[in-house]
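Single-structure report; data block below.
Each ligand, and each atom within it, is numbered from 1 in the order the structure gives. Worth saying up front: this structure is predicted, and the values here are computed from it rather than measured.
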Amino acid sequence: MYIESIQLKNFRNYETLEMEFDKGTNILYGDNAQGKTNILEAIYLCGTTKSHKGSKDKEIIRFHEDESHIRMMVNKDEMSYKIDMHLRKNKAKGAAINGLPIKKARELFGVVNLVFFSPEDLNIIKNGPGERRRFLDLELCQLDKLYLTDLASYNHIVNQRNKLLKDLYVNPRLRETLDVWDIQMVSYGEKIIEKRRQFVEELNEIIHEIHSNLTGGLEHLEVIYEPSVESHDFAAALVRNKDRDTRMKLTSVGPHRDDFCVVAEGIDIRKYGSQGQQRTAALSLKLSEIYLVKRKIKDTPVLLLDDVLSELDSSRQTYLLDSIHDIQTLITCTGLDEFISHQFQINKVFQVVKGEVYLPYQK
Ligand SMILES: Nc1ncnc2c1ncn2[C@@H]1O[C@H](COP(=O)(O)OP(=O)(O)O)[C@@H](O)[C@H]1O
Ligand SMILES: [Mg+2]
């Protein structure tokens, strides 16, 4: 699939904007704080209903405005799809495909598939478990339409259960209600654990070779899923931890506490890896994601690369750029030097200046 065009109205620092993209590599360059990332955010939002950085709708709407509109034209299997997002300050957003309103974000995943890569992703190995879980969840949501629903239900239940644990302190009679939540929590939680396990397995089928190529055959990488509790033991663990959870007023076991470990040559590089090792492993993770999405949807996703190139050394830049030649890519950067020095093929160049976009090389 590829993105044909995008139109913005009162989105971040854009009053209005229209852009037509090439099917290949598109570069958006410009100084800092001009609005490059905002364009990728608009695309990501249109494809997933969510901001890649978790911003709220009211933060995204242009200052002093009440509404924001995004329209994205997507081409999939030679067919054009029109996706509309309508953000409002104090109401839920509206979304439509070809003019028909949609209720669930997952309806979009049959039409749009995106891989977003930002400099923060390069820190995924060294950061805390929360960010690694976020990685698992974002990927799984793209690959498995039901995962999103299961995860949302699970998270809702954890919140309700934690709230109840706090209320129990004042009203111990509520303890029986806990069992009702626990049954549901286990039923969603088991699914999430199994899906994460399977995802990590699939990841390992791919990451090995990518990482080996990235390190010139020097390093072998393995990802190990570390569930907070095994799915078959989840129900029992909740019972075992009941007193403790009540004391702590917090749910101490479950997929909301999962993590994964990244092992290179037998060493846990979360703790013992050098920064270079950790970043290369993060790059391998992201590249594996592209292959996994490709395999799953039997189509190519669109890659959004936000300021990542300047964070990588020359050989990793080359590897990254070489491995993405067959998919539509939107790259933001502050200059064009990297592309010139790598003699990398560019299909379209946009210059972004203060919420306006120019085509500097258009004849
Ligand atoms: N809701 C908003 N309304 C208007 N301008 C905004 C809004 N949110 C962010 N901005 C502006 O967008 C700019 C940052 O855009 P961004 O895309 O992150 O820049 P960069 O080109 O560095 O990627 C800043 O100048 C910021 O003030
Ligand atoms: Mg930016």
Side-chain angles (χ1 to χ4, degrees), residues 3 5-21 25-72 84-95 114-124 127 131 134 138 279 282-283 286 302-312 316-317 320-321 324 328-339 346 348-361:
I3 300 167
S5 64
I6 188 158
Q7 281 180 35
L8 306 181
K9 201 167 167 221
N10 293 327
F11 183 96
R12 294 275 191 197
N13 63 335
Y14 294 94
E15 186 182 350
T16 58
L17 176 70
E18 286 193 46
M19 283 174 96
E20 284 179 18
F21 298 105
T25 306
N26 299 266
I27 309 289
L28 287 79
Y29 81 98
D31 293 339
N32 280 324
Q34 303 299 304
K36 303 182 295 294
T37 304
N38 293 345
I39 295 173
L40 300 191
E41 183 183 40
I43 292 171
Y44 192 83
L45 203 138
C46 230
T48 64
T49 76
K50 298 218 157 42
S51 155
H52 69 284
K53 38 184 182 185
S55 300
K56 298 197 177 79
D57 288 358
K58 60 173 182 244
E59 296 159 3
I60 293 171
I61 297 169
R62 192 163 192 259
F63 300 146
H64 316 300
E65 299 289 339
D66 295 317
E67 302 189 357
S68 173
H69 292 264
I70 318 168
R71 171 167 292 178
M72 183 158 91
D84 285 296
M85 290 280 152
H86 177 191
L87 316 189
R88 291 165 286 196
K89 263 206 171 126
N90 296 311
K91 279 194 221 151
K93 68 170 75 60
L114 306 168
V115 174
F116 200 109
F117 194 170
S118 73
E120 291 87 68
D121 290 321
L122 288 170
N123 296 326
I124 181 174
N127 286 355
E131 266 148 277
R134 199 174 120 86
L138 283 175
R279 290 166 76 95
L283 182 57
K286 287 306 280 191
V302 174
L303 178 63
L304 308 173
L305 278 184
D306 192 19
D307 259 324
V308 176
L309 284 182
S310 56
E311 299 282 324
L312 300 171
R316 292 192 177 81
Q317 281 179 1
L320 173 61
L321 296 177
I324 56 172
Q328 188 186 34
T329 310
L330 274 55
I331 303 178
T332 71
C333 51
T334 44
L336 301 174
D337 297 350
E338 277 114 354
F339 300 95
I346 302 175
K348 198 161 182 180
V349 178
F350 301 91
Q351 188 181 13
V352 183
V353 187
K354 288 190 189 143
E356 308 244 5
V357 174
Y358 303 92
L359 291 163
Y361 299 106

| query | Would you call the rings of Tyr44 and Phe116 parallel, tilted or perpendicular if under 30° counts as parallel and over 60° as perpendicular? | reply | perpendicular

| said: Can you count the protein N/O/S atoms lying under 2.8 Å from the Mg ion (ligand 2), leaving waters out? | reply: 1

| task | Quick one: list whatever passes salt bridge (charged side-chain N to carboxylate O under 4.0 Å, His left out) with Lys286, sequence neighbours left out. | result | Asp121, Glu289

| said: Suppose the criterion is salt bridge (charged side-chain N to carboxylate O under 4.0 Å, His left out): which pairs have a residue in residues 39-62, not counting sequence neighbours? | reply: Arg12-Glu41, Asp57-Lys93

| Side-chain heavy-atom pair Ser310, Glu338 within 4.5 angstrom cut-off | yes

| Rounded to the nearest 0.5 Å, what separation is found between the CG atom of Asn26 and the OG1 atom of Thr329? | 8.0 Å

| Approximate separation, where rounding is to 0.5 Å, of Ile331 CD1 and Ile324 CD1 | 5.0 Å

| message | If you count heavy atoms of other groups shown closer than 6.0 angstrom to NZ of Lys9, is the number above 12? | response | no

| query | Do Leu359 and Gln351 touch side chain to side chain, with heavy atoms closer than 4.5 Å? | reply | no

| Near ligand 1, which protein residues have a heavy atom under 4.0 Å away? | Arg12, Asn13, Asp31, Asn32, Ala33, Gln34, Gly35, Lys36, Thr37, Asn38, Glu59, Ile60, Ile61, Arg62, Phe63

| message | Check whether Arg279 reaches the backbone of Glu311 with its side chain - one donor and one acceptor, N or O, closer than 3.5 Å. | response | yes

